[in-house]
Amino acid sequence: MVSADISWAVIRDNSCFLLKKRGVKKPFSTEPCNLTNRNAMRYNGLVNTKVVGVAAAADNKGFVVTTKRAKLAHRPGKSMVATTMKAGAGRSLHKMKGALVKQRYRKDLTKAALRRAAAISRSQKALPARKGSKVAKKE
């Protein structure tokens, strides 16, 4: 297995996940397990041995936290572990924070992961009924 620094030097400028736009100094990145979609080594989901990814659950109830097992770095198919969190926004965010900080798994990515998970759970929340909206009455 190649070190993270060497593999980052190879894919930093040329990758199928890069999104280069005119007028933007740093390109965006669309690879899985990149929490901020920035093209930086810290957030890169391909080169690091430990990565964190947050995505919406398939049934739009909760979110899925994906982590990489460092010992299985040479077997990419088996290295990812997905955990679905559906216990409500507050409890799920608290459990995810505990998993990242208390178990010392990428403490530097905790804030970005919490922000992404909170945004996902906020987007799944039903919008409140607006005042003054005309609803068809049943007769």
Side-chain angles (χ1 to χ4, degrees):
M1 193 70 198
V2 181
S3 73
D5 295 318
I6 293 174
S7 53
W8 172 246
V10 170
I11 70 162
R12 184 177 68 194
D13 295 323
N14 298 317
S15 171
C16 66
F17 296 109
L18 284 182
L19 238 162
K20 296 182 178 181
K21 298 268 185 180
R22 255 188 244 130
V24 178
K25 292 178 184 174
K26 285 205 130 208
F28 293 108
S29 182
T30 60
E31 79 243 356
C33 295
N34 188 330
L35 291 170
T36 58
N37 291 341
R38 280 191 221 140
N39 188 34
M41 185 176 174
R42 170 190 257 181
Y43 301 112
N44 195 288
L46 301 174
V47 300
N48 291 312
T49 53
K50 291 183 174 182
V51 296
V52 179
V54 179
D59 58 351
N60 265 354
K61 291 180 182 173
F63 53 90
V64 179
V65 180
T66 310
T67 54
K68 187 189 268 190
R69 293 174 63 193
K71 289 183 178 180
L72 291 176
H74 62 285
R75 298 180 77 184
K78 294 191 174 187
S79 65
M80 295 300 211
V81 177
T83 309
T84 307
M85 303 218 173
K86 294 184 176 184
R91 176 171 267 175
S92 296
L93 293 174
H94 182 72
K95 282 194 167 210
M96 186 176 76
K97 185 177 181 181
L100 295 178
V101 176
K102 292 175 187 164
Q103 295 178 5
R104 294 192 173 114
Y105 189 93
R106 291 298 300 265
K107 286 193 282 187
D108 59 328
L109 295 181
T110 303
K111 198 171 201 177
L114 285 173
R115 278 187 180 169
R116 179 162 249 190
I120 288 172
S121 57
R122 203 179 320 120
S123 71
Q124 293 169 348
K125 217 172 165 182
L127 291 174
R130 293 178 61 195
K131 290 183 179 177
S133 64
K134 295 178 182 174
V135 181
K137 293 182 181 179
K138 279 188 168 181
E139 287 185 30

Inset, instruction - Check the pair K50 / K68 against side-chain contact (heavy atoms from CB on, under 4.5 Å), numbers first and verdict last. - result: CA-CA 5 Å; K50 291 183 174 182; K68 187 189 268 190; 5.9 Å; no
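When hydrophobic residues (I, L, V, M, F, W, Y) are linked wherever their side-chain heavy atoms come within less than 4.5 Å, V101 remains an isolated member. Through chains of ILVMFWY side-chain contacts below 4.5 Å, W8 is grouped with V10, I11, F17, M41, L46, V47.
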Side chains of residues 116-131: which donor-acceptor pairs under 3.5 Å do they make with residues two or more places apart or in other chains?
{"unit_1": "R116", "atom_1": "NH1", "unit_2": "N34", "atom_2": "O", "d": "3.1"}
{"unit_1": "S121", "atom_1": "OG", "unit_2": "A117", "atom_2": "O", "d": "3.1"}
{"unit_1": "S121", "atom_1": "OG", "unit_2": "A118", "atom_2": "O", "d": "3.1"}
{"unit_1": "S123", "atom_1": "OG", "unit_2": "I120", "atom_2": "O", "d": "2.7"}
{"unit_1": "Q124", "atom_1": "OE1", "unit_2": "G62", "atom_2": "N", "d": "3.0"}
{"unit_1": "Q124", "atom_1": "NE2", "unit_2": "G62", "atom_2": "O", "d": "2.9"}

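Listed here is the closest heavy atom pair of K107 and T110: O-OG1, 2.9 Å. Looking at every heavy atom in both residues, G53 comes nearest to L35 through CA-CD2, 4.1 Å. Across A113 and V52, no two heavy atoms sit closer than the pair CB-CG1, 4.2 Å.
With sequence neighbours excluded, no residue forms a salt bridge (charged side-chain N to carboxylate O under 4.0 Å, His left out) with K61. In this view, N39 satisfies the side-chain hydrogen bond (donor to acceptor under 3.5 Å, both in side chains) rule with no residue, not counting sequence neighbours.
Considering only heavy atoms from C-beta on, M80 stays 4.5 Å or farther from P32 through its side chain.
If you take CG on L18 and OG on S29, they are separated by 5.5 Å, rounding to the nearest 0.5 Å. Rounded to the nearest 0.5 angstrom, T67 OG1 and M96 CE are separated by 11.5 Å. From L93, atom CG reaches atom CE of M85 across 9.0 Å, with rounding to the nearest 0.5 Å.
A side chain to side chain donor-acceptor pair (under 3.5 Å) check over residues 78-105, counting only residues at least two apart or in different chains, returns the pairs D59-K86.
Cluster annotation: F63 is connected to L114 through the hydrophobic network of ILVMFWY side chains, with a link wherever side-chain heavy atoms come within less than 4.5 Å. Hydrophobic clustering keeps Y43 apart from V51 (ILVMFWY residues linked when any side-chain heavy atoms are closer than 4.5 Å, directly or through intermediates).
Between the side chain of N48 and the backbone N or O of N44 there is at least one donor-acceptor pair closer than 3.5 Å.
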